[in-house]
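Everything on this sheet refers to the single structure shown next.
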There are 2 protein chains.
Amino acid sequence: MSSSRQESLIDRCKHHGLRITGQRRVILEVLDASDDHPDVEELHRRVSAIEPGVNIATVYRTMNKLAEQGLIERHQFDDGRLRYEPAPEEHHDHFINVETGEVIEFRSDEIEDLQEEIARKYGFEIVSHKLELYVRRRKGH
Amino acid sequence: MSSSRQESLIDRCKHHGLRITGQRRVILEVLDASDDHPDVEELHRRVSAIEPGVNIATVYRTMNKLAEQGLIERHQFDDGRLRYEPAPEEHHDHFINVETGEVIEFRSDEIEDLQEEIARKYGFEIVSHKLELYVRRRKGH
DNA sequence: ATTGCAAGTGCAATGCATTCGCATTTATAA
DNA sequence: TTATAAATGCGAATGCATTGCACTTGCAAT
Ligand SMILES: [Mn+2]
Ligand SMILES: [Mn+2]
Ligand SMILES: [Zn+2]
Ligand SMILES: [Zn+2]
């Protein structure tokens with residue numbers, strides 16, 4: 001999740017030559033404050049609570065622009081919608097609790113290494129990957 | 001991929017109480033003959049080559065029905081379209097060659113085991129999972 | 001073989017998330 | 001301050017998938 005990032009999204013946008021408009025300022029603020037994986041509609045809801053009048057198309061366009069620049073990550077879990085989070089400092093994968101919809105992050109160096117190993121075995125190099133574990137709470141303990 | 005399955009999809013449909021219509025017969029035949037991961041449009045193209053006049057809505061409905069019954073698996077890779085393959089006898093995951101779009105199957109017991117282990121560590125049990133490795137051919141060797 | 005009816009189909013309409021065209025506004029560099 | 005490319009608002013369009021409805025058909029029971 002968001003945790004503490006060294007640089008704000010606004011600063012990172014400036015460094016990438018993106019203009020900081022009033023709308024973007026709010027969108028970036030919302031993104032920075034999020035520690036979950038909101039979709040565009042939810043982002044728009046949060047933005048509108050701070051500054052009404054921002055069009056949802058602007059949120060869509062901003063997310064695309066940010067993703068292009070690698071400033072955010074885009075996910076598509078099983079509900080089919082695009083969800084976003086600020087680009088994490090260190091890669092992680094996700095549990096999705098099928099009963100609550102909650103998304104939990106985890107990291108396994110062993111799995112990451114095995115992925116590289118098996119790709120190499122097949123003569124591939126990994127460009128990116130997606131690992132999603134759809135889970136439920138274990139009963140008893 | 002399809003490899004040799006013990007029972008044809010048509011037989012499995014009968015056992016599941018699904019009616020075998022002319023359209024379904026062709027759709028199932030196409031599925032059984034596929035050793036890739038076609039989307040609905042591609043399936044419809046292949047079906048139409050054998051028997052023109054089958055409506056694409058029928059293909060959509062048939063795929064949903066088959067998936068409900070667990071007779072096929074549904075995937076959504078990064079292009080966002082739903083793709084299908086006959087339910088494999090043994091679980092596998094996928095490489096997606098980002099340069100060609102080709103989908104290659106693999107299986108890693110080590111990774112499967114590690115997934116279970118890390119889920120357990122978090123107090124979860126895995127309901128299903130998705131592992132997709134987006135790759136390119138390694139240059140030199 | 002015939003019949004009854006739930007299941008399946010064709011077709012067009014609809015839903016839903018996302019993108020796009022275009023006129024207008026605005027951030028930023030000069 | 002000004003010029004201009006970038007960004008925005010808004011509605012229309014897009015792409016993929018689902019659905020309502022009238023019609024057809026597989027198939028189990030007779
Ligand atoms: Mn995350
Ligand atoms: Mn497969
Ligand atoms: Zn990972
Ligand atoms: Zn797997």
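Below, read A as the first sequence line, B as the second, and so on, with proteins coming before strands; counting in each chain starts at 1.
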Quiz prompt | Contact nearer the 5' end of DNA chain D, comparing B/Arg74 with A/Gly22 | solution = A/Gly22
Quiz item: Could you state the CD1-P distance from B/Ile27 to C/dG8, rounded to the nearest angstrom?
Solution: 12 Å
Exercise. Scan side-chain atoms only and decide if B/His37 and B/Glu105 contain a donor-acceptor pair under the 3.5 Å cut-off.
Key: yes
Exercise. Could you tell me whether the phosphate oxygens of C/dT25, OP1 or OP2, come under 4.0 Å of any side-chain nitrogen or oxygen in A/Gln23?
Key: no
Exercise. Start with the C-alpha distance between B/Phe95 and A/Ile118, add both sets of side-chain angles, then the distance that settles side chain to side chain contact (heavy atoms under 4.5 Å, CB included), and finish with yes or no.
Key: CA-CA 10 Å; B/Phe95 294 114; A/Ile118 197 163; 4.3 Å; yes
Quiz prompt | B/Asn55 side-chain proximity, nearest of C/dG10, D/dG9, D/dC27 | solution = C/dG10
Quiz item: Distance check: side-chain N/O of A/Thr21 vs OP1/OP2 of D/dA7, anything under 4.0 Å?
Solution: no
Self-check item: Contact under 4.0 Å: A/Tyr60 side-chain N or O vs C/dT19 OP1/OP2
Solution: no
Quiz item: Where the side chain of A/Glu41 is concerned, which of C/dA17, D/dG26, D/dC16 is the nearest nucleotide?
Solution: C/dA17
Exercise. Quickly work out the B/Met63 CE to D/dA17 C1' distance and round it to whole Å.
Key: 14 Å
Self-check item: Nearest-nucleotide comparison on DNA chain D, the residue closer to the 5′ end among B/Arg61 and B/Arg19
Solution: B/Arg61
Self-check item: Rounded distance (Å) that lies between atom P of D/dA6 and atom CZ of A/Arg24
Solution: 11 Å
Quiz item: Which heavy atom of A/Gln76 sits nearest a heavy atom of B/Gly80, and at what distance?
Solution: OE1-CA, 4.5 Å
Exercise. Please determine if a side-chain N or O atom of B/Asn64 lies less than 4.0 Å away from the OP1 or OP2 oxygen of D/dA17.
Key: no
Quiz item: Which nucleotide in the list C/dC20, C/dT9, D/dT8 gets nearest to the side chain of A/Ala57?
Solution: C/dC20
Quiz item: A/Lys65 has an atom NZ; how far is it from atom P of C/dT18, in whole Å?
Solution: 19 Å
Exercise. Find the distance A/Glu68:CD to D/dA6:P and express it as a whole number of Å.
Key: 12 Å
Quiz prompt | Whole-Å distance separating the CZ atom of A/Arg25 from the P atom of D/dA7 | solution = 14 Å
Quiz item: Would you say the side chains of B/His15 and B/Glu7 form a donor-acceptor pair under 3.5 Å?
Solution: yes
Exercise. Specify the separation, in whole Å, of atom OH of A/Tyr84 and atom C1' of C/dT18.
Key: 9 Å
Practice problem: Write down the distance between CG (B/Asp39) and P (D/dT18), rounded to a whole number of angstrom. | Solution: 13 Å
Exercise. Measure the acute angle between the ring planes of B/Tyr122 and B/Phe124, then classify it against the limits of 30° and 60° as parallel, tilted or perpendicular.
Key: parallel
